[in-house]
2 protein chains.
Amino acid sequence: MKNPKIPKPTIKRLAMYYRCLENKKSAGMQKTSSKDLADSLHIKASQIRKDLSYFGEFGKRGVGYDIDKLMNSIKTILGLNKKWNVAIVGVGNLGSAIANYTGLEKSGFYIKAAFDKNKNKVGTQISAGILVYDMRDLKKVCKEKNIEIAILTVPSEVAQKVANQLVETGIKGILNFAPISLTLPESISVENVDFTISLKSLTYDIISSNKNLYEIEE
Amino acid sequence: MKNPKIPKPTIKRLAMYYRCLENKKSAGMQKTSSKDLADSLHIKASQIRKDLSYFGEFGKRGVGYDIDKLMNSIKTILGLNKKWNVAIVGVGNLGSAIANYTGLEKSGFYIKAAFDKNKNKVGTQISAGILVYDMRDLKKVCKEKNIEIAILTVPSEVAQKVANQLVETGIKGILNFAPISLTLPESISVENVDFTISLKSLTYDIISSNKNLYEIEE
């Protein structure tokens, strides 16, 4: 199942397929096909079949995919068949926006704590039931609450320093919103979210005449 | 220059290289190499050389890249040698976080207006000098201010409806934060930002033993 040769864009698309399957399931559908998924996601059906082929045979030619079965398989592949304890580190507008995003729990991500160094924020709730703790208690609280993933929404200038502190807590991964490349031990997984990169990719697409770029993503 | 065969991950990496070059320039550097960039970004040097090769010869073997020259080239490729007029559509925590992100103007993205349907927000400032307008004035204000890009931060339930209204304004591209796949005319560029996808990619990485996935991104 854990084939190390799987390209990262495939993993991201699997997450997209999963979300699309959730929508189809909510709409009462039980079966889908690579063509149906392709139409919903504006991706080539051949791409979808190729992505899914990394993990074995999911569907039957001409019969399509059973939505529940495919969702379960993707869930297992992506590690979403467990609950993940998450902390928000940095309670600004962005941290607050993420903490109040209802889609997180649906995906298995449970925010258990938030951290900020601002004394006025410490002790308040970032969202229903989620306390803001003092940064000085980071290690203690993360260990107590068994935090596995940190969502890092602090300013760039302090991001590396805070990331180092996070490593000390024993977390496994960081979703980094600061527009810098963090230097971390091999054992810590990092995923960077930088929407200016997405904006630049958007402007490239706008100035390019050819709109089919999306289809050759790999 | 506008080779339609350029894979999307290459475009995103070009944006990353640009940001890294900015940092190096700020630090007083004038020259860099694929190895130096690779070390800063934790990407293989061969990947960087491959990405840059799509656009012709930038550096000289053994001499490296002139940072200013390489930055200018990437700027032209990505369409960042012009200023882009941007509107924020949906003034919640996320919209506010983005509006106050100082890195935008540095990258050539100028927020000229924000929109919300909440009467209490209309007329306030989302950030210094940026007014919140009524959604009903979307078309009028977007035309007046020559808005080219919309950053869509409205709830999922209304995202498609608002996107349709945005098409009417004559914009060229949408940076979509709503976790749905928008259906839009071919002529409109769309880039989706969904951090739950990034979280799922992170958990995949955490549960996989092999950390070298990042190096085979293409």
Side-chain angles (χ1 to χ4, degrees), chain A residues 2 4-9 11-12 14-16 18-20 23 40-42 77-80 84 92-94 96-98 100 103-104 107 109 148-149 172-173 175 179 181 186 189-191 193 195-214 216-218, chain B residues 2 4-9 11-12 15-16 18-20 40-42 77-80 84 92-94 96-98 100 103-104 107 109 148-149 172-173 175 179-181 186 189-191 193-214 216-218:
Chain A
K2 296 180 191 172
K5 290 259 168 63
I6 300 162
K8 202 155 187 210
I11 296 302
K12 295 218 169 172
L14 282 180
M16 281 174 55
Y18 187 80
R19 197 181 58 195
C20 185
N23 293 341
S40 302
L41 289 164
H42 316 298
I77 291 163
L78 296 178
L80 302 175
W84 294 88
N93 274 319
L94 184 59
S96 301
I98 294 167
N100 288 287
L104 280 181
S107 300
F109 299 101
E148 296 159 291
I149 293 175
K172 292 170 183 163
L175 187 68
S181 199
E186 280 280 307
S189 298
V190 186
E191 185 72 29
V193 183
F195 67 89
T196 69
I197 301 263
S198 300
L199 267 173
K200 288 166 190 167
S201 174
L202 182 68
T203 55
Y204 173 79
D205 196 50
I206 292 174
I207 61 165
S208 308
S209 43
N210 193 318
K211 293 283 172 188
N212 293 322
L213 279 171
Y214 291 97
I216 49 156
E217 203 162 300
E218 228 168 32
Chain B
K2 297 181 190 172
K5 291 257 167 67
I6 300 163
K8 203 158 187 208
I11 297 301
K12 294 218 168 170
M16 281 173 56
Y18 187 81
R19 195 181 59 194
C20 185
S40 303
L41 290 163
H42 316 296
I77 291 163
L78 297 179
L80 302 175
W84 294 89
N93 275 320
L94 184 59
S96 301
I98 294 168
N100 288 287
L104 280 180
S107 301
F109 300 101
E148 296 158 291
I149 293 175
K172 292 169 182 161
L175 187 69
I180 63 158
S181 200
E186 279 281 305
S189 298
V190 186
E191 185 73 28
V193 184
D194 177 358
F195 67 88
T196 69
I197 301 266
S198 301
L199 267 174
K200 288 165 189 167
S201 174
L202 181 68
T203 54
Y204 173 79
D205 196 50
I206 292 173
I207 61 165
S208 308
S209 44
N210 193 316
K211 292 282 173 191
N212 294 322
L213 279 169
Y214 291 97
I216 50 158
E217 202 162 303
E218 230 170 31

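- Between B:Glu191 and A:Ser201 the shortest heavy-atom distance is OE1-OG, 3.3 Å.
- Rounded to the nearest 0.5 Å, atoms CD1 (A:Ile207) and CG (B:Leu80) are 8.0 Å apart.
- Using a 4.5 Å cut-off between heavy atoms, B:Ile149 contacts chain A through its side chain alone, with no backbone atom that close.
- Put simply, CD1 on B:Ile11 and OG on A:Ser198 are 13.0 Å apart, with the number rounded to the nearest 0.5 Å.
- The side-chain heavy atoms of A:Ile197 and B:Met16, taken from C-beta on, include a pair separated by under 4.5 Å.
- Ranking A:Leu104, A:Leu175, A:Asn100, A:Leu14 against chain B, the residue ahead of the rest is A:Leu175, based on heavy-atom pairs under 4.5 Å.
- In this structure, the side chain of A:Thr203 engages the main chain of B:Leu78 through a donor-acceptor pair within 3.5 Å.
- Options A:Cys20, A:Ser181, A:Gly92 differ in how many heavy-atom pairs under 4.5 Å they form with chain B, and the most are formed by A:Ser181.
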Q: Please report the C-alpha distance between A:Leu94 and B:Leu94 in whole Å, then the side-chain angles of each, then the deciding distance to 0.1 Å, and finally whether the side-chain contact (heavy atoms from CB on, under 4.5 Å) criterion is met.
A: CA-CA 6 Å; A:Leu94 184 59; B:Leu94 184 59; 3.8 Å; yes
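- B:Phe109 touches chain A through its side chain: at least one heavy atom from C-beta onward sits under 4.5 Å away, while N, CA, C and O do not.
- For the options A:Asn23, A:Leu41, A:Ile98, heavy-atom pairs under 4.5 Å to chain B are most numerous at A:Ile98.
- Side-chain atoms of A:Trp84 and B:Ile206, non-hydrogen and from C-beta on, do get closer than 4.5 Å to each other.
- Rounding to the nearest 0.5 angstrom, the gap separating the CZ atom in A:Arg19 from the CG atom in B:Asp194 is 4.5 Å.
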